[in-house]
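Below is one structure, written out as structure tokens, with a few remarks after it.
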Amino acid sequence: MASLSVEEENYVRMSLLLTGISPRAARTFFDGEFAPACLGATIKKESNKLFDLKKNHRINQSQWNLLFPRFPDVPDSKTFDVTLMILLLRNLTPMDPPLCGFDSLPSMIEITHAADLARIKYYRNYLAHLDDGKLATGFFNTAWNDIACAIDRLGGQNLKHECDHLKTKPLDQNKQEIMMYIKHSNNEIRELKESFKSLKRSHTEMMKSHEVLQVDHRKVKKEIEIIKTSQMDSVPWNIRGK
């Protein structure tokens, strides 16, 4: 396999950081808020609130299956991704959101746990939407420092040391191949999303056309009724019905 460029290496390292280390940091904090031994009982207790979130499309079916697995399985935070953990923390704990919410990148001066979770979520989404699998070194260094500090505050010094090591250690061939595969998979996911959007637009246009046809049909029907009424009015009353 051809060696990666600096920008592609940046992408690989950032992917490993966001898929390997940052979820463990988020989980460390999550387990501190939801004791693993009591997680099942807590979720059961909050089932009505969680069902409302599902009804409002905030929780999808696959996430629901993790929260309410089939007996004898029980919920386990090790199966939760960052998105699901953040959703539970936002809705089941008295956590104050970052100033700009959980869907934006917090400012550098915001160092709350909520802001750190939002950072991780933001950069994960950013990476998933890259078209070419490359990260400029300037952006890479700034983002890496932002994420590593968040990991330190959420998960502790040991995970921070892993971040520092990952940033400079040589990448082996296997990890390069895995991450390039992920890059191509992300491209396919984006294409599928675009296809879905296109189908959705086509469906919307079709429904609009259907509505127009229904309106036209009603107009034609009304005009026919008017014509029938007019014809009836032109027939003498004593001949009608004969």
Q: Report the C-alpha distance between Tyr11 and Ser15 in whole Å, list the side-chain angles of each, state the deciding distance to 0.1 Å, and finish with yes or no for side chain to side chain contact (heavy atoms under 4.5 Å, CB included).
A: CA-CA 6 Å; Tyr11 173 87; Ser15 297; 3.7 Å; yes
Q | Derivation and outcome, side chain to side chain contact (heavy atoms under 4.5 Å, CB included), residues Lys121 and Asp103 | A | CA-CA 8 Å; Lys121 180 182 177 185; Asp103 298 322; 2.7 Å; yes
Q: Apply side chain to side chain contact (heavy atoms under 4.5 Å, CB included) to Arg27 and Asp31, showing your working.
A: CA-CA 6 Å; Arg27 190 167 295 110; Asp31 288 345; 3.8 Å; yes
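- Across every non-hydrogen atom of Ala150 and Arg119, the tightest pair is CB-CD, 4.3 Å.
- For the pair Lys167 and Asn141, the minimum side-chain heavy-atom distance is below 4.5 Å.
- Side chains of Glu33 and Leu92 form no contact here, defined as non-hydrogen atoms less than 4.5 Å apart.
- Leu117 places a side-chain heavy atom less than 4.5 Å from the side chain of Met95.
- With Glu162 contributing its side chain and Ile21 its backbone, the two residues share no donor-acceptor pair below 3.5 Å.
- One N or O on the side chain of Asn10 and one on the backbone of Leu135 form a donor-acceptor pair closer than 3.5 Å.
- For the pair Leu16 and Leu171, the minimum side-chain heavy-atom distance is below 4.5 Å.
- Under the 4.5 Å side-chain criterion, counting only non-hydrogen atoms from C-beta, Ile147 is not in contact with Cys163.
- Ring centroids of Phe34 and Phe80 are separated by 6.0 Å or more, keeping the two rings apart.
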Q: Report the C-alpha distance between Asp116 and Ile120 in whole Å, list the side-chain angles of each, state the deciding distance to 0.1 Å, and finish with yes or no for side chain to side chain contact (heavy atoms under 4.5 Å, CB included).
A: CA-CA 6 Å; Asp116 287 333; Ile120 290 172; 5.7 Å; no
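- Arg153 places no side-chain N or O within donor-acceptor distance of the main-chain N or O of His113, the cut-off being under 3.5 Å.
- Between the side chain of Ser104 and the backbone N or O of Gly101, no donor-acceptor pair lies under 3.5 Å.
- The side-chain heavy atoms of Cys38 and Lys45, taken from C-beta on, include no pair separated by under 4.5 Å.
- Judged purely by atom type and a 3.5 angstrom limit, Arg90 has no side-chain atom pairing as donor or acceptor with the backbone of Pro97.
- The backbone N or O of Asp52 sits nowhere less than 3.5 Å from a side-chain atom of Arg58 that would complete a donor-acceptor pair.
- Distance check: Asp146 CG to Trp144 CH2 gives 13.0 Å after rounding to the nearest 0.5 Å.
- Aromatic ring orientation, Tyr126 versus Tyr122: parallel (interplanar angle below 30°, classes split at 30° and 60°).
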